[in-house]
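The sequence lines fix the lettering, A, B, ..., with proteins before strands; numbering per chain opens at 1.
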Amino acid sequence: MAKYPFESIEKKWQKRWEEDQTFKATEDPSFPKEKRRYVLDMFPYPSGAGLHVGHPEGYTATDIYCRYLRMQGYNVLHPMGFDAFGLPAENYAIQTGTHPEVTTKANINRFRQQIKSLGFSYDWSREISTCTPDYYKWTQWIFLQLFKRGLAYEAEMPINWCPSCKTGLANEEVKDGLCDRCHTKVTRKRIRQWVLKITDYADQLLDGLDELDWPEPVKLMQRNWIGKSEGASVIFHIDGHEQTLEVYTTRPDTLFGATYMVLAPEHPLVQVITTSEQKKKVKDYIEEAARKSDLERTDLAKEKTGVFTGCYAINPVNGSRIPIWISDYVLISYGTGAIMAVPAHDERDWDFAKKFGLPIVQVVAEKGAQGPFDREPEYCLAADGISVNSGNFSGLPTVEAQEKITAWLEREGIGKKATNYKLRDWLFSRQRYWGEPIPLVHCKKCGIVPLPEESLPLLLPEVKSYAPSGTGESPLANIPEWVNTTCPHCGGPAKRETNTMPQWAGSCWYYLRYLDPHNSEAFADRSKIDYWMPVNLYVGGAEHAVLHLLYSRFWHKALYDLGLVNTKEPFARLINQGMVLGGEDNQKMSKSRGNVVNPDDIVAEYGADSMRVYEMFMGPLEVSKPWSTAGLVGVSRFLERAWLVSEKPLVQDEPPLELVKLLHKTIKKVTHDTDTLNFNTAISQMMIYLGELAKLKTLPVPLWEPFVQILSPYAPHVCEEFWERLGHKESISKSKWPVYEESLTLDDEKEIVVQVNGKIRERFTVAAGTDEAKLRQTALGLPKIGEWIAGKQVAKIIVVRDKLVNIVVKP
RNA sequence: GCGAGAGUGGUGGAAUGGCAGACACGCUAGACUUAGGAUCUAGUGCCUUUUGGCGUAAGGGUUCAAGUCCCUUCUCUCGCACCA
């Protein structure tokens, strides 16, 4: 079969769409709120490698959906832009001296051209790029609002430091102790930082998840990351000291079993309580702990280590003197940085106590277990049970014991209910060049002073060298004429903040800028926010589950509290598209594996429409699947066949009823499957239908026209061409989605399966809706069935109308 | 270790508890030809000569009926990982 001329067709229609601004979205008030849809793709980072076939998967899915929605009468907002600040361009600048802006612009141009070649129906008039001053002006502006609300603070603290990227990292950017970007081992470094108080929103971020139509795994990952836990804080007196020691526990019911205490090596009390005999050992241990990387410290396989401080605490419930140790299995960053150790009921404490010969006292017994519980237990019991050896609280089940002991602590004034989170504040500054400058100055007299909003954007200055100093200062620190400024408050000399924002800053709110991308008065006009928000469907990779998706929810909630947006959540519905894997090895596509498929090659050889349909035909959107160019050929043949069918002589004849029925079934299935994003099965139905049309000598318009329409979201270029040939002047995307007639989707006849003991033995055909009695009678009358049940006793007959008869027999 | 998800032909994948393998790739045979990345027709889970038997990671269970629901086990993918 000759290739259909996809090259000229695709060029022709892409040009037409651009000239006619076919997909420009406007805030037309005649569309009621329920007839508006904001459908968003996660915007790409424009890397030097260009697009690979994984990118267009999500883009194709949303594009089909948007085209379908428009034909269903919705006003659709579907924008695209670029996440343009980031390290690759900066690292390239360090190597070559090329300004990151130059590389970024070139990469964006390439990406835009590649994306456009696939014929996506984006409203390109809304394109944004996070690195342009008119965009990052508003990133800075939002930062100032957060700062003014007390949600941004400066802190000198030990942070995750990537020695390769030479910058600090947020907790979310560290995976298995490695830098998420470059997989270098992360170290600790104590430097001055800007931190965002995301923990203020911990509860809201947690509760907000309930109302979101998001994949459960993503919600669960965010819940775990936030890590809310409830328990009690308890104050212990320290023998011979005025100070007290506060710990957090989720098991106040085990207080009677606390036989020792452990402080994190960094805990401030360590210096105070350590006895002179233990000073040397403790000091050595602290130094050793400080040297260890996070990865080494958190390695679960390693043996527990620790040192006795020489000091004792008093267990408030029984007055016993219990030793205070230090160990790096206690983290300074969680709770109070100190724990009461209950070795009988906590695996970690158990290991530690066993290693150092510390006493183990059982205070919880398994339900129904018989005492006495006066000996050291043989194993650690971390589960709930019944309190024992716990004074007045003995005999209470765990939950009740927790409540009663917490109440007692409160009455005694030595404890209270407490909540803790794993979520830490967000380390927001980077010691790098290619990011948004933080719009603050440090004034000797006035302290930290925000720049006046009118003075934004604070432009990123030119630098001689892009190389990070590695000392914890960004390259901006090396430009005295930029750093030295005057205080906006007192007019005296001041220094600019030299840290820049992380790449996540720009992506925290880009979906809002699309609403009003050229506004110079506000990040977006409120009426436009009200018109479109929230995002109805957001499609992107699962790798952002706790990074971008948590950060932008946080910013959005802060903006909501500032009265600047209309919803508490930005993204009502989220879908993670699966990865497209390399065809040969079923591995993630990557340059180093050499299994990357370039969409340009596919478009050149098979056309954009084949590319689009194949991407959707591969399998369900959400799952990962391997790329197969051979598989693409099948889809390509489908479109070629459609082209051949289109060349049959068109007739206005009344088409055969059988085909009309198949058409209506096809419209029904494609409508439903497109609506639910099950594109692969929609395509297979269209293949079946086209196969029937291909058998005809002439092509009845009533069979062809609606088919072209339902195929058009999938293969828009070739369908525009078909549509034009059918005599239409306006774009097919402006046409109304075909409606099926339910009665025409129903079969008149049904094949009924006859089973004997659940095994299919025969079938027969009857009119649809034939009643059960008749079905039973017919089934029993079949000669073959007679043979199967001969000499056996019929115990039961199950009849399912339009489906089957199952005869249950006994020997 | 904990949590989540997934295991269906040679391959990608279909199947409101009711005909397992739709659709497509590949393969086999034939037809046709302006020899193409063709196209068309037929076939294609396994075993069996037909009748039939077996078959959705393995094993058990519920049910008239299980790929689908329940339990146990295995494998793979992802996430978290001393958070007291």
**Q** State whether the distance check finds a donor on one side and an acceptor on the other, under 3.5 Å, for side chain A:Lys803 versus base B:U16.
**A**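 Indeed, a donor on one side and an acceptor on the other fall under 3.5 Å apart.
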**Q** Rounded to whole angstrom, note down the P distance from B:U75 over to B:A58.
**A**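 The same atom, P, in both gives a distance of 15 Å.
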**Q** For B:C40, take OP1 and OP2 only and decide whether either is under 4.0 Å from a side-chain N or O of A:Arg641.
**A**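 So the side chain of A:Arg641 is within the cut-off, an N or O lying under 4.0 Å from OP1 or OP2 of B:C40.
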**Q** Answer yes or no: does a side-chain N or O of A:Lys625 lie under 4.0 Å from OP1 or OP2 of B:G12?
**A**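 No, A:Lys625 has no side-chain N/O under 4.0 Å of OP1/OP2 on B:G12.
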**Q** What is the distance, to the nearest angstrom, from the CE atom on A:Met687 to the C1' atom on B:G13?
**A**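 Nearest whole value for this atom pair: 12 Å.
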**Q** Does OP1 or OP2 of B:U39 have a side-chain N or O of A:Arg637 closer than 4.0 Å?
**A**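 So the side chain of A:Arg637 is within the cut-off, an N or O lying under 4.0 Å from OP1 or OP2 of B:U39.
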**Q** Can you tell whether the side chains of A:Lys304 and A:Asp349 come within less than 4.0 Å, N to carboxylate O?
**A**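 Judged by the 4.0 Å cut-off on N to carboxylate O distance, A:Lys304 and A:Asp349 do not form a salt bridge.
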**Q** Considering only NZ, NE, NH1 and NH2 on the basic side and carboxylate oxygens on the acidic side, decide whether A:Arg188 and A:Glu266 come within less than 4.0 Å.
**A**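 Not counted as a salt bridge, because no side-chain N and carboxylate O are separated by less than 4.0 Å.
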**Q** Write down the distance separating the P atoms in B:A57 and B:G53, rounded off to the nearest Å.
**A**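 Their P atoms lie roughly 22 Å apart.
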**Q** Is the distance from OP1 or OP2 of B:U11 to the nearest side-chain N or O of A:Ser628 less than 4.0 Å?
**A**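 No.
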**Q** Work out how far the P atom of B:U68 is from that of B:G59, and round it to whole angstrom.
**A**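 Approximately 13 Å lies between the P atom of B:U68 and that of B:G59.
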**Q** Specify the separation, in whole Å, of atom NZ of A:Lys669 and atom P of B:A22.
**A**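 So the two atoms are 14 Å apart, to the nearest Å.
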**Q** Whole angstrom is fine here: how far is it from CG in A:Asn680 over to C1' in B:U11?
**A**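 Computing the A:Asn680:CG to B:U11:C1' distance gives 16 Å.
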**Q** Glycosidic conformation of B:G9, syn or anti, with 90° from 0 as the boundary?
**A**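 B:G9: syn glycosidic orientation.
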**Q** Determine the sole option in A:Leu690, A:Asp609, A:Val633 for which the side-chain contact (heavy atoms from CB on, under 4.5 Å) test with A:Phe638 is passed.
**A**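 Between A:Phe638 and the candidates, side-chain contact (heavy atoms from CB on, under 4.5 Å) is satisfied uniquely by A:Leu690.
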**Q** Would A:Lys784 pass as a cation-pi partner of A:Trp788, given that its NZ or CZ must be under 6.0 Å from the six-membered ring centre and within 45 degrees of the axis?
**A**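 Not flagged: A:Lys784 not positioned over aromatic ring of A:Trp788.
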**Q** Need to verify one output field. Residue with the more 5' nearest nucleotide on RNA chain B, A:Asn420 or A:Leu220?
**A**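 The residue closer to the strand's 5' end, by nearest nucleotide, is A:Leu220.
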**Q** Taking CD1 from A:Ile683 and C1' from B:A22, how many angstroms apart are they, rounded to a whole number?
**A**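 Taking CD1 of A:Ile683 and C1' of B:A22, I get 14 Å after rounding.
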**Q** Supply the atom-to-atom distance A:Trp627 CH2 to A:Glu615 CD, rounded to the nearest 0.5 angstrom.
**A**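 Reported to 0.5 Å precision, the distance equals 5.0 Å.
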